[in-house]
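The block underneath contains the structure these notes are about, expressed in structure tokens.
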Amino acid sequence: MKQIVQPVSGGPVELLDVPRPVISPTEVLVRTVASMISPGTERAVTALARSSLLAKARARPDLVRQVVRKAQIEGIPATARAVRGRLAEDVPLGYSAAGLVAEVGTAVDGIAVGQLVATGGAGKASHAEFQAVPGLLCAVVPEGVPPDDAAFATLASIPLHGLRLSGVGPGSKVVVLGLGLLGQLAARLAMASGCDVAGIDPNEFARETAARAGVFALDESGDATTDQVLSWSRGRGADTVLVCAADKSTQPMSRAPALCRDRAAVVMVGDVGMPPRRTPFYEREISLLFARSYGPGRYEPSYEAWGVDYPVGQVRWTEGRNQEAVLDLLAAGRLRVSDLITQSFDIGRADEAFRLLEERTEPYLAIRLAYPTAAGPDH
């Protein structure tokens, strides 16, 4: 089968012929129909892989500490061999897709062969003709939801989890900082929840897309934009600011307090720098929250690898249940995502799709990858 990977040692993404995955009892084998490239996350992965060793070390000091500890325990030669081995590896790409069930693990309930499902990667490749998906991250798609829409389920679960953390409800004023793909989804999910939404982004294409969906879209003009948000919120400021930007600088987080009401919440959804000053958050007693991916269960082996679900009475919204919620919103027509697909490529042209991320020669939001409809068992 075909699978897209990023060599850790650098260079462009590659399309490899690899064996079809073999599933464990807690997994589902899915033949992919469509997958969505996550521009912020996947551009960051490819950029890091192409950086120098020094840049990699600066970006991942935790791994540097692991190397140092290994050298102290096992010696420099053994550590050097291990590092060279890691640099020769490939990183599977993708984590949000949809496809048809080809095989179901013996410990998985509620999923049958032939069903259309939305899938979450959980560290495994979604940009591949076949996926081995944890059963709890495989959500059956309601009738009437097309595969292209269903492929957004995991991506949309990320801002949905951030929205849940904020505690907002109908009538709340929500500001979304950064109107890339996650920001667009955050704004639409907030509106589907009955919130009033303002979005801020310097990119005209992003603002126009958000405005067509009903967002009060604003350019970033400093104090003038703050005044517009205050006027829109009856002089109080936003109840919640969702920071969905992908910006290593501290500017987005430094900007957030001025947009908030007293005792509001700021939820960091995107990958941004930490604010340099505590005072603006302290003065308004702002709650600063961090959304960890797409919900409870993420990074927990017992949930993702071993298939142990959390009781619904204890944890209502797990990452898998967030996927289901997105699918239900799509089925009910309360969430629309098809217009967010700006480009489509067959998997055989994956290099073009990822080159677009790097070169930014044209505006993009969601980039769709399509797969052969008749991929056989040996592909």
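The structure displayed is predicted, hence computed values, not measured ones.
- Within 6.0 Å of the CD atom in Glu359, the count of heavy atoms belonging to other residues, nucleotides or ligands exceeds 12.
- At a threshold of 4.5 Å between non-hydrogen side-chain atoms, the residues Arg316 and Val312 count as touching.
- With respect to Asp239 and Lys173, no salt bridge is recorded, no charged nitrogen being found less than 4.0 Å from a carboxylate O.
- Each of Val174, Val175, Val229, Val267 was evaluated against Val241; a single residue qualifies, Val175, per the side chain to side chain contact (heavy atoms under 4.5 Å, CB included) test.
- Among Tyr294, Tyr303, Tyr310, the single residue meeting the side chain to side chain donor-acceptor pair (under 3.5 Å) criterion with Thr318 is Tyr303.
- For Lys2 and Asp346, the salt-bridge test fails: no basic side-chain N is under 4.0 Å from an acidic carboxylate O.
- Contact check for Phe281 versus Val266: side-chain heavy atoms found under the 4.5 Å cut-off.
- One side chain, Ser38 or Tyr95, offers a donor N or O that lies under 3.5 Å from an acceptor on the other.
- Minimum interatomic distance between Cys260 and Ile286 (heavy atoms only, all atoms of both residues): CB-CD1, 3.9 Å.
- Judged by distance alone, with hydrogens and angles left aside, the side-chain atoms of Thr32 form a donor-acceptor pair with the main-chain N or O of Ala128 at under 3.5 Å.
- The nearest pair of heavy atoms linking Ile23 to Ala132 is CG2-CB, 4.0 Å.
- Heavy atoms of other residues, nucleotides or ligands lying less than 6.0 angstrom from CD of Glu204 number 12 at most.
- Contact check for Glu304 versus Glu319: side-chain heavy atoms found under the 4.5 Å cut-off.
- With rounding to the nearest 0.5 angstrom, the CD atom of Gln3 is 8.5 Å from the CG atom of Asp90.
- Taking the charged nitrogens against the carboxylate oxygens, Arg368 and Asp148 do have a contact shorter than 4.0 Å, which makes a salt bridge.
- The structure places OG1 of Thr342 at 9.0 Å from OH of Tyr364, a figure rounded to the nearest 0.5 Å.
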Next on the checklist: Pair Arg234, Asp196 - check salt bridge (charged side-chain N to carboxylate O under 4.0 Å, His left out), show working.
Outcome noted: CA-CA 12 Å; Arg234 294 189 170 90; Asp196 295 328; over 6 Å; no
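- Counting non-hydrogen atoms of neighbouring residues, nucleotides and ligands closer than 6.0 angstrom, the CD atom of Glu143 reaches no more than 12 such neighbours.
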Item to check | CA sep, side-chain torsions, deciding dist, call: Leu335, Phe152, side-chain contact (heavy atoms from CB on, under 4.5 Å) | outcome: CA-CA 11 Å; Leu335 176 64; Phe152 281 88; over 6 Å; no
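- A salt bridge does not link Asp247 to Arg255: none of the charged nitrogens lies less than 4.0 Å from a carboxylate oxygen.
- Counting heavy atoms from C-beta outward, Phe354 and Ile4 have side chains that approach closer than 4.5 Å.
- Each of Leu369, Ile341, Val337 was scored for a side chain to side chain contact (heavy atoms under 4.5 Å, CB included) with Met36, with one residue passing: Ile341.
- Between the CZ atom of Arg207 and the CG atom of Leu179 there is a distance of 9.0 Å, given to the nearest 0.5 Å.
- Taking CZ from Arg31 and CE from Met1, the interatomic distance works out to 13.5 Å, rounded to the nearest 0.5 Å.
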